[in-house]
Amino acid sequence: MKIAMGADHAGFGLKNKLAEVARSLGHDVLDLGCNGPDSVDYPDYAAAVCGKVTEGAVDKGVLICGTGIGMTIAANKIPGIRCALVHDLFSAKATREHNDSNVLAMGERVIGPGVAEEILRVWLETEFSQGERHQGRIGKVSKLEGASALHP
Ligand code: RB5
């Protein structure tokens, strides 16, 4: 699988570890930075990674910042992106099975590298369930993209 990875200054260390893990599992990693502690803006890296996902250059994306929250908020503004903020193994599996998440976000200041590596492994190996109810819900989520007012 091709995976784009990006991080801000608060997440580049974990991103680098996860890139090594993904490569050791046989995946092709496109590292879009950043690669140092100088302050950068997480939306720039969310946009870079998610752009690769939506244009089909990669299969999935991984985003790391301090909390994972900023990356998740930014990523989910982009049509076609379903970014899941995950800090536990149950959610890693469930978000692939139920939400068909195509981007994984984590916070380097929130979890340790061991848990993060296991989350990545489970998220990458879990397939979408293809369940009809889940497909319907994902379709409804897609219809919310760009919505400025909600009239269900
Ligand atoms: C950077 O200090 C921090 O705000 C950022 O990494 C992230 O946690 C934002 O959501």
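In listed order, ligands and their atoms are each counted from 1.
- Checking atom 2 (O) of ligand 1 against the protein gives a heavy-atom contact under 4.0 Å.
- The backbone N or O of D41 lies less than 3.5 Å from no partner atom in the side chain of D8, so there is not a single donor-acceptor pair.
- Here the side chain of D88 pairs a donor or acceptor atom with the backbone of S91 at under 3.5 angstrom.
- Residue H9 places a heavy atom under 4.0 Å from ligand 1.
- Of the protein's non-hydrogen atoms, C65 SG, 3.4 Å is the one closest to atom 7 (C) of ligand 1.
- The backbone N or O of G107 lies less than 3.5 Å from a partner atom in the side chain of H87, making a donor-acceptor pair.
- Ligand 1 has an N or O atom lying under 3.5 Å from an N or O atom of G70, backbone or side chain.
- With ligand atoms numbered from 1 in the order given, ligand 1 contributes 6 (O) to contacts under 4.0 Å with heavy atoms of A10.
- Between the CD1 atom of I3 and the CE atom of M5 there is a distance of 5.0 Å, given to the nearest 0.5 Å.
- A salt bridge links R121 with E118: the distance from a Lys NZ or Arg NE/NH1/NH2 to an Asp or Glu carboxylate oxygen falls below 4.0 Å.
- Between Y42 and ligand 1, not a single N/O pair is under 3.5 Å apart.
- Under 4.0 Å from ligand 1, not a single heavy atom of M71 appears.
- With a 4.0 Å heavy-atom cut-off, ligand 1 is reached by the side chain of D8 but not by its N, CA, C or O.
- Under the 3.5 Å distance criterion, the side-chain polar atoms of R109 are left unmatched by any main-chain donor or acceptor of A10.
- Heavy-atom contacts from other residues, nucleotides or ligands closer than 6.0 Å to NZ of K52 number 12 or fewer.
- The distance criterion of under 3.5 Å between nitrogen or oxygen atoms is met by G66 with respect to ligand 1.
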